[in-house]
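Some notes on the structure that comes next.
Here is the naming used below: chain letters follow the sequence lines, and residue numbers restart at 1 for every chain.
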There are 2 protein chains.
Amino acid sequence: MHKEHTLTKNQQIIFDLIDKSTEPMKAYSILFNVQKKGIKAPLQVYRALDKLVEIGKIHKIESRNAFIACHNSSCQVAKATAFSICEICEKVTEISSAGLSKYLANFKDKDGMKYSKYNLEFFGLCKKCR
Amino acid sequence: MHKEHTLTKNQQIIFDLIDKSTEPMKAYSILFNVQKKGIKAPLQVYRALDKLVEIGKIHKIESRNAFIACHNSSCQVAKATAFSICEICEKVTEISSAGLSKYLANFKDKDGMKYSKYNLEFFGLCKKCR
DNA sequence: ATATTTATGTTATATTATTACACAGCGTTA
DNA sequence: TAACGCTGTGTAATAATATAACATAAATAT
Ligand SMILES: [Zn+2]
Ligand SMILES: [Zn+2]
Ligand SMILES: [Zn+2]
Ligand SMILES: [Zn+2]
């Protein structure tokens, strides 16, 4: 139940673009692609991205500074994310594994740190590139 | 057995600085701090950082664009890293948990992706900030 | 209707990272 | 020796990523 936000105009334009894309998109590539729709400045893009990340419609792939749409209904508002990244073709897939999320959600370190969130990025070769 | 490289002058200067630091250091902060030692340009810093990451003496905290020295002898040349990050004080700790690394090293997704590497970042509040 | 919050538009700027080119040091080997 | 490959260095310029600051408009709450 985390996709029920009404997006604003800019948010919708930018989400649609990312959602259509088969690969992670970078902020300035997004900017370039939405300029014909009237979004002219980096900040307009970054503001929409921030909001979309916050509400869990997209995720940021930190190691790539790029964004993908969430296609995992079980990922809890971007608080627990896992991705696989192919180091050759750069294909990124969101991992949805109940076992993995359960393991990580319950993980506790020896310092008594209480975790509210995690992000995991796996790297390797995808089927095609292997 | 992954710390046995002979560092070059620039690599040693930059490693020493990061190693002394109690918090993750950013590239341009490193640059500022080593200018008195003759390292004057960003590229000199980034080249040393790249090498230090490659040989596993430091790690990059992707979500922060910052670097910390490795204090975990069991992390396999930066191929399997996990950190806890306090969202208030920004303290970062490298997690060394045999259980966790074993679980992640053995994790396989349904697409048959073969992982050679992972990076995990946990976020929450540290003891002090809780 | 008024206050508050959220989103927008715009300009400028800060921060992070790489490209390109010249050259120095070192070990290999022809 | 000399030629070569490899790694590291120095320097300038520039690319790519992200935010600050300020003004205004739209949506929401009291
Ligand atoms: Zn998701
Ligand atoms: Zn691939
Ligand atoms: Zn380590
Ligand atoms: Zn803290």
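Taking the six-membered ring for Trp and the full ring otherwise, B:F122 and A:F107 have centroids separated by under 6.0 Å.
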Can you tabulate the close N/O pairs, meaning under 3.5 Å, that link protein atoms to atoms of nucleotides 17-22 of chain C?
| from | atom 1 | to | atom 2 | distance (Å) |
| --- | --- | --- | --- | --- |
| C:dA17 | OP1 | B:K60 | NZ | 2.7 |
| C:dA17 | OP1 | B:N65 | OD1 | 3.4 |
| C:dA17 | OP2 | B:Y46 | OH | 3.1 |
| C:dA17 | N7 | B:Y28 | OH | 2.8 |
| C:dA17 | N6 | B:Y28 | OH | 3.0 |

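Residues B:L7 and B:I14 are not in side-chain contact: their nearest non-hydrogen atoms beyond the backbone lie 4.5 Å or more apart.
Whole-Å rounding puts the B:R64 CZ to D:dT17 C1' distance at 16 Å. In this structure, CE of A:M25 is placed 15 Å from C1' of D:dT17, rounded to the nearest angstrom. Look at CZ on B:F32: it is 16 Å from C1' on C:dT15, rounded to the nearest Å. Between A:L31 atom CG and D:dA15 atom C1' there is a gap of 15 Å when expressed in whole angstrom units. In this structure, B:I30 atom CD1 and C:dT16 atom P are separated by 11 Å, rounded to whole Å.
One finds no side-chain N or O of A:K26 lying less than 4.0 angstrom from the OP1 or OP2 phosphate oxygen of D:dA16. Contact annotation: A:T8 reaches the phosphate of C:dT8 (side-chain N/O to OP1 or OP2, under 4.0 Å). Contact annotation: B:Q44 side-chain N/O to D:dT9 OP1/OP2 distance is not under 4.0 Å. The side chain of A:K40 places an N or O atom within less than 4.0 Å of a non-bridging phosphate oxygen (OP1 or OP2) of C:dT10.
Distance from the side chain of A:N10 is smallest for C:dG9 among the nucleotides D:dG10, C:dT10, C:dG9. For A:Q11, taking side-chain heavy atoms from C-beta onward, the closest of the listed nucleotides C:dT8, C:dG9, D:dG8 is C:dT8.
Here NZ of A:K60 is found 13.5 Å from CD1 of A:I68. Values are rounded to the nearest 0.5 Å. One finds the OG atom of B:S63 at 9.5 Å from the CD atom of A:E121 (value rounded to the nearest 0.5 Å).
Judged by distance alone, the side chain of B:K91 and the main-chain N or O of B:S84 form no donor-acceptor pair under 3.5 Å.
Taking both residues in full, the closest heavy atoms of A:F15 and A:K57 are given as CE1-O, 3.5 Å, listed atom of the first, atom of the second, then distance.
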